[in-house]
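Because the structure is predicted, anything quoted here is derived from the model rather than measured. Each chain gets a letter, A, B and so on, in the order its sequence line appears, and its residues count up from 1.
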Amino acid sequence: MFKRTKFNDTLLNWYQANKRQLPWRETSDPFKIWLSEVMLQQTQVITVIPYFEKFITKYKDLDALANADEEALLKDWEGLGYYNRIRNFHHAVKEVQEKYDSKVPSKPEEFFSLKGVGPYIGGAVQSIAFNNQLAAVDGNVLRVMTRLNRDNRDTTKVSVQKDIKNFIESDMPLEAGDFNQALMELGATICTPRTPKCVVCPVREHCEAFKKGEVMNYPVKKKAKKKAEYYYNVFFILNDKNEVLLFKQEGDLLKGMYELPRFDVDTSLESIEEKYGLSLSQPSDAIGEHKHVFTHKIWFMEGYVVRTTDQHENFISLDKVRDLPMSVAMQKMFKMIDGL
DNA sequence: TATCCGTGGTA
DNA sequence: TTACCAAGGAT
């Protein structure tokens, strides 16, 4: 273990002199700080910035977002991924509106009970917005701490993350929010995964891995599973008014987003006709193909055009399609029929 | 606890 | 190309 007191001071001083100007650092509004942390979950700063600006412009305060329609929020979130984040945030914000008079709870136990608030977001918001003495342990912090301590435990384990959180909180500086952000900032800009800039690291004298020349050995984590591959035919089912058949996605993946009919490649046209109660023309030749990579799976999609003269309540004019929340996978499919 | 959730960037 | 990673949480 390294000497925490001196380390804390050195890191805080480095942070004050080197911190990046980020939009969410220009506000003290707990609602906006919370929103930024939800967006930043598993998402890079550079990606989040334009979405954060759009949201705080469109939703000025907690009530504005609480009163918004879920579909409008999903549309604004479109392209950011992990769509349950905004659905959970919407749910949580409505709970704050009802139970806490639209004021973000400054009591950790109340805040942690809200949907989508886990150890990281809870610690981050409570420390940054209310200066509660809690750690915010993200991937940056895990990397920094395991290098400092030559901690070779598997950081994908929640138990290890929890232990590191406790270690940080055992000697938390008074400026808890700044300290959490300092640890993350160090990880994001100096103590990076592939090419850490140890030569300019303000705390390298405290770093056991640096002293041993083993920085690249940390963090230790279990290898990711290979992605499962799925092969689909995706259908543009068009009626005589040139409207397209579209459905709101159910299940876990992309829940709430709209999608074209998507079937395993060996699905017969007859079973599709039966499912929708439509009489369909023979599919066109494939109009394009697209590979889409998710965290745990890969979709290989091939697009086809099919015609029908039958009625169905899910036909939507192509003009209105762009107003619906749509995953990037489906956006790429729709580019195949531009000009059709 | 292990697995599932999006998307874009990098070496 | 492949694998990894990014201010993680729910189940």
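- Under 3.5 Å, the side chain of Y120(A) and the base of dG8(C) form no donor-acceptor pair of N or O atoms.
- Taking the P atoms as reference points, dA7(C) lies 15 Å from dA11(B), given to the whole Å.
- The phosphate of dA2(B) has OP1 or OP2 within less than 4.0 Å of a side-chain N or O from K157(A).
- Distance NZ (K222(A)) to P (dA3(C)): 17 Å, rounded to an integer number of Å.
- Residue A224(A) places its side chain closer to dC4(C) than to any other of dA10(C), dA7(C), dC4(C).
- Comparing K332(A) and K225(A), the nucleotide of DNA chain B nearest to each residue sits closer to the 5' end for K225(A).
- Phosphate contact (OP1/OP2 of dA7(C), side-chain N/O of N140(A), threshold under 4.0 Å): present.
- Within the 4.0 angstrom heavy-atom criterion, base atoms lie near V293(A).
- Look at H292(A) and you'll find a side-chain N or O under 4.0 angstrom from OP1 or OP2 of dT7(B).
- Judged by atom type and distance alone, T47(A) does not reach the base of dG9(B) through any side-chain donor-acceptor pair under 3.5 Å.
- Remark: P of dC4(B) and CD of E250(A) are 20 Å apart, rounded to the nearest angstrom.
- Checked by distance alone, R194(A) brings a side-chain donor or acceptor within 3.5 Å of a matching partner on the base of dC4(C).
- Between T295(A) and Y82(A) the shortest side-chain heavy-atom distance falls below 4.5 Å.
- Contact annotation: Y82(A) does not reach the phosphate of dA10(C) (side-chain N/O to OP1 or OP2, under 4.0 Å).
- The distance from atom CD of Q44(A) to atom P of dG6(B) is 18 Å, rounded to the nearest whole Å.
- Across all strands shown, S327(A) has heavy atoms under 4.0 Å from sugar-phosphate atoms exclusively, and none from any base.
- The closest donor-acceptor contact from the side chain of N239(A) to the backbone of K241(A) lies under 3.5 Å.
- Look at NZ on K255(A): it is 13 Å from C1' on dC5(B), rounded to the nearest Å.
- Atom NZ of K107(A) has 12 or fewer neighbouring heavy atoms from other residues, nucleotides or ligands inside a 6.0 Å radius.
- Checking the phosphate oxygens (OP1, OP2) of dG8(C), a side-chain nitrogen or oxygen of Q42(A) falls inside 4.0 Å.
- Taking 4.0 angstrom as the limit, K297(A) places a side-chain polar atom (N or O) nearer than this to OP1 or OP2 of dC5(B).
- One atom, CD1 of I86(A), and another, C1' of dA10(C), lie 16 Å apart when rounded to the nearest Å.
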